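Whatever order the structure lists them in is the order used to number ligands and atoms, beginning at 1. All of these numbers come straight from a predicted model, not from anything done at the bench.
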Amino acid sequence: MLVAPSMLSADFGNMARDVKAIEKWGADIVHCDVMDGVYVPNITFGMPMVKALKANSNLTIDAHLMITLPEKYVGAFCDFGADVVTFHPDASKDVQGAIDIIKSKGKKCGLVVNADRPFSIVEPYLSQIDMLVVMTVQAGFGGQKFMPDRLDIVRMGAEERKNNGYRYLIEVDGGVSESNVSQIKAAGADIVVAGSAVFKSENPELTIRKLHA
Ligand code: DX5
Ligand code: ZN
């Protein structure tokens, strides 16, 4: 299992320090939660923060865009240093166009199934994506309770991948902890996002090691 700590739970006054810390603790990916206050009822940060995190890390930068009309901004997130850009198809009026922009920039592209959405919203694009993100909380805030029923979406993603030879990695986002990572793995996920579990841990290095298992 790869581990992607969410910078949403880091100390916003010490982002360079914290992004260096997760690398030292053994994290694999830097997860950046971008929120616009429209698609979700919360606002976080935009492209300049992604650029700053990239400048302070050797890890893959994963930009999770919870924004309306992502097709307007995906190119900018690529230019500012994101290695993987994921967005919510239900927030977009041009899903194919957004995928095409990310690919034209030579970056990896992913689609997100929010916790109130069916698997069918990503189905038409599965052959083209590098990452399938399955939300196990409703997008918008860190520190929410894990929704185990949403592992059905992970199972569907894993099944479709196996049956069709697709190559996307499956990332589970929301409420992940040491206590549920084994069921997430059993469902077929490859990556877990962990915000509070890592940054509120008394021993983040040990927490990341346990999430790797
Ligand atoms: C929710 C975000 C998640 C969240 C994860 O909208 O996409 O990445 O920050 O935080 P925890 O692990 O605390 O649920
Ligand atoms: Zn996220």
Charged N to carboxylate O below 4.0 Å: is that the case for [X] and [Y]?
| X | Y | answer |
| --- | --- | --- |
| Asp83 | Lys54 | yes |
| Asp11 | Arg17 | yes |
| Asp152 | Arg155 | yes |

Name the closest protein heavy atom to [atom], giving the residue it belongs to and the distance to 0.1 Å.
| atom | result |
| --- | --- |
| atom 10 (O) of ligand 1 | Gly142 CA, 3.7 Å |
| atom 12 (O) of ligand 1 | Gly195 N, 2.8 Å |
| atom 1 (C) of ligand 1 | Phe141 O, 3.6 Å |
| atom 14 (O) of ligand 1 | Gly175 N, 2.8 Å |

Would you check the N or O atoms of [X], main chain and side chain alike, for any that come under 3.5 Å of an N or O of ligand 1?
| X | value |
| --- | --- |
| Ser196 | yes |
| Asp33 | yes |
| Val137 | no |
| Gly174 | no |
| Ala197 | no |
| Ser9 | no |
| Gly143 | yes |

Open item on the list: With a cutoff of 4.0 Å, is Phe146 in contact with ligand 1, counting heavy atoms of the residue only?
Closed with: no
Task: Sub-4.0 Å atoms of ligand 1 with respect to non-hydrogen atoms of Gly140 - done: 1 (C), 6 (O)
TODO: Would you mind listing which atoms of ligand 1 come within a distance below 4.0 Å of any non-hydrogen atom of Met35?
DONE: 6 (O)
- [ ] Would you mind telling me if ligand 1 is within reach of the side chain of Ala194, the backbone, both or neither, using heavy atoms under 4.0 Å?
- [x] backbone
- [ ] Compare all side-chain heavy atoms of Asp190 with those of Met1 and state whether any distance is below 4.5 angstrom.
- [x] no
Report yes or no: do [X] and [Y] belong to one cluster of Ile/Leu/Val/Met/Phe/Trp/Tyr joined by side chain heavy-atom distances under 4.5 Å?
| X | Y | answer |
| --- | --- | --- |
| Val122 | Val172 | yes |
| Phe80 | Ile67 | yes |
| Val193 | Met49 | no |

Open item on the list: Only N/O/S atoms count here: what is the atom of Asp33 closest to the Zn ion (ligand 2) called?
Closed with: OD1
Task: His31 atom (N/O/S) at minimal separation from the Zn ion (ligand 2) - done: NE2
TODO: Could you pull out, from Val193, Val198, Val133, Asp173, the option with a heavy atom nearest to atom 3 (C) of ligand 1?
DONE: Asp173
Task: Spatial distance of atom CE (Met47) from atom SG (Cys78) [nearest 0.5 Å] - done: 11.0 Å
Open item on the list: Using the Zn ion (ligand 2) as the vertex, how large is the angle between ND1 of His64 and OD2 of Asp173, rounded to 10 degrees?
Closed with: 90°
- [ ] Check whether any side-chain N or O of Glu71 sits under 3.5 Å from a backbone N or O of Ser92 as a donor-acceptor pair, and report yes or no.
- [x] no
Open item on the list: Assess, by modelled atom type and distance only, whether the side chains of Asp62 and His64 contain a donor and an acceptor separated by less than 3.5 Å.
Closed with: no
TODO: For Tyr39 and Asp90, test the side chains for any donor-to-acceptor distance below 3.5 angstrom and give the result as yes or no.
DONE: yes
